[in-house]
2 protein chains.
Amino acid sequence: MVTVHDVARAAGVSISTVSRALTMPERVAAPTRDRVTAAARELGYRPNRAASVLRAGRAGAIGLVVPDLANPYFAAIAKGAQARARERGLGLFVVDSDEDPDLETEAVAGLAPQTDGIVLCSPRAVERSVEALEGRPVVLVNHEVDGLPSVVADHGAGMLRALEHLRALGHRRVAYVGGPERSWSDGRRRTGLRAAAVRLGDVELVELGPHRPQVAGGHAAADLVLASGATAVVTFNDLVAVGLVERVRVRGLDVPGDLSVVGCDDAYVAELLAPPLTTLRTDLRSAGRAAVDHLAARAGRSGHDLGDAAVVLPVELVVRGSTAPPRPTLHDDPDDDAVPTEDT
Amino acid sequence: MVTVHDVARAAGVSISTVSRALTMPERVAAPTRDRVTAAARELGYRPNRAASVLRAGRAGAIGLVVPDLANPYFAAIAKGAQARARERGLGLFVVDSDEDPDLETEAVAGLAPQTDGIVLCSPRAVERSVEALEGRPVVLVNHEVDGLPSVVADHGAGMLRALEHLRALGHRRVAYVGGPERSWSDGRRRTGLRAAAVRLGDVELVELGPHRPQVAGGHAAADLVLASGATAVVTFNDLVAVGLVERVRVRGLDVPGDLSVVGCDDAYVAELLAPPLTTLRTDLRSAGRAAVDHLAARAGRSGHDLGDAAVVLPVELVVRGSTAPPRPTLHDDPDDDAVPTEDT
DNA sequence: GTGAAAGCGCTAACAA
DNA sequence: TTGTTAGCGCTTTCAC
């Protein structure tokens, strides 16, 4: 292993000059700096991170804790975070908590001492995990807690957009198939849908769930949706939408003919389906990037100065083949496609 | 931050006793050990990993380098590795090299000093990356290099199984849509297919590619496959199969009616498709687990004693709806479904 | 602008 | 069985 001593000897300087030349180049005379960097490159010197963490307190790395790496949602966030961390010269350690609150806290506690901060995605045990940080910087993704910085999607706007779209097609009764009971984003989506329904005035909302956020959850929800009399449905995520479509077909009905379906997340399955899925897209990579930026900006600062600022990412409605006007019924109102009049 | 000193004071012992009680409990008297562990728990002591890495040389953690975390293939490996590492009380740091050979080497070099070994998945620059390890333990996944331990799928057996299946259905001309040019597994698959074709005697193989290992690659390959006169096709992975099916449909043809399709990997899209995809499955989580076990077994040992052993994982053919007998033609041989006779 | 020296928290000889 | 002590490789005062 090449150490500062080897570089110092090769460059004919002291180890402190080596350290300085590499970490604060402007405080070393140009010729000296060049000799040092040349020697370092030649010898293939790589600073021992453990040593510099121990001594300097800074790790030059951050941690990312996600509930499930196999979930494309979190994989996308991880990709974005990784890319940005690299751009900033930071290391990124990814840990998968396997959806387990205890493991999450464990992961945070283990990661905290050797990183400059933690990005905590969709936490399953926020309070305990934040406590385990002992005051070290943290950014929450897809979750909000008072006084903590966070990066979240604008679920309210997304839901409004979905409902406007369905309303414009002529739907007046829309179901929501909810996700896991304790999901923060599920709560936000419900709140957003209710607000949107009130705002639009003539759209009735049927809330269902909780359901598992997988294909199986969609299977389970399908019959409830059909029985509810809704002509359109918004699902917690795209996988639920997939299951829903499958089961609706088994019942001999058609999507979007008998039921329009809007997913969430724009997972890549969304466009592979037949029909491709209308869905709400958030740029998850930019969520990862924003979280890393937030952390990097706080690095060095001690207090929670601008700590509680929330980055809110836009949500875009991607219209594909799974949404269409409802089949005409006896009650059909010829005004449906017209510009809405004042609340009637 | 709670240090060994704090615990030592609280337990009324010296710092070395604390260290010993925590890392080699059997070498400390039971009552002392209990006092120490109690004090440690009470104070919420967490050993500073940076310090112990620096001093002991052991990191209690391993690194996993993958080309793309957003690829479910690698995500599954990561999950398996993570779970096993946890069972063994090891940390696992996941780094995404973004399919870039330079970044891969960089990641390995950065990870190596602070881990006890590296799991290198589908390397894009094996030689340089292994060199960057400076002799530290490494396990290759989905790649083989002489003298290095590895975990690979039995592509040969998988390809034989696929071809046997297609042959049993009556196919006599089978295309292979290859993946990236420099992919190790693509090479293994081609070799396996050729061997299988020779062995079966009456199956003709049409090799195509290289193609991108994504849906777009399948789009690009579809017309070539149709023009080749093959009645069945094996693709590099499931995404390519998806693209292939899409394009075949655009051409007004049917899967499996006009073309049978076998994917590889059993990514979760495979069963969502219509028709669900016949595919070759490897248990990737167990690949991750095996890699970690391999590394853990070598930990402590210096030499490359049993180092070059390769763990070969079984490949299973999962038959779903995308494979069926070919449409009868004028040349159809009534013996097609019979037990194969000697090479004719 | 550069060097000498003091540790960061921990482990592992070596002593007792 | 337990304590004392010497560093691991690095950063960072503090002199010069």
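So you know, we letter chains A, B, ... as the sequences are listed, proteins then strands, and number each from 1.
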If you check the A:Val28 side chain, which of D:dT1, C:dT2, D:dG9 turns out closest?
-> C:dT2

Is any side-chain heavy atom of A:Val7 less than 4.5 Å from a side-chain heavy atom of A:Val36?
-> yes

B:His143 versus B:Ser150: any side-chain heavy-atom pair under 4.5 Å?
-> no

Measure the distance from CG on A:Asp34 to C1' on C:dT2 and round it to the nearest whole Å.
-> 16 Å

Distances under 3.5 Å between protein N/O atoms and the N/O atoms of nucleotides 12-15 of chain D, please, pair by pair.
residue: D:dT12; atom: OP1; partner: A:Arg58; partner atom: NH2; Å: 3.1

May I ask you to evaluate whether A:Ser14 reaches the phosphate of C:dG3, defined as a side-chain N or O under 4.0 Å from OP1 or OP2?
-> yes

To the nearest angstrom, the CG-C1' distance between B:Leu22 and C:dA12 comes to 15 Å

Decide if atom CD of A:Glu181 counts as having more than 12 heavy atoms of other residues, nucleotides or ligands within a radius under 6.0 Å.
-> no

Taking the side chain as every heavy atom from C-beta outward, state whether A:Val108 and A:Leu133 have any atom pair closer than 4.5 Å.
-> yes

Between A:Asn48 (CG) and D:dC8 (P), how many Å, whole number?
-> 12 Å

Hey, are the side chains of B:Lys79 and A:Asp96 touching, using non-hydrogen atoms and a 4.5 Å cut-off?
-> yes

Rounding to a whole Å, what distance do you find between A:Leu54:CG and D:dC8:P?
-> 13 Å

d(CE, A:Met1; C1', D:dC10) in whole Å | 12 Å

Whole Å only: how far is the CD atom of B:Glu26 from the P atom of D:dT1?
-> 10 Å

Is A:Val4 close to A:Tyr45 at the side-chain level, that is, under 4.5 Å between some pair of heavy atoms?
-> yes

CZ of B:Arg27 versus C1' of D:dT2: gap in Å, rounded?
-> 11 Å

Select base, sugar-phosphate, or nothing to describe what B:Val53 touches, counting heavy atoms under 4.0 Å on all strands.
-> nothing

B:Arg84/B:Asp293 ion pair, N-O < 4.0 Å | yes

Would you say D:dT2 has OP1 or OP2 under 4.0 Å from some side-chain N or O of B:Thr32?
-> yes

In whole angstrom, what separates B:Arg49's CZ from C:dT11's C1'?
-> 16 Å

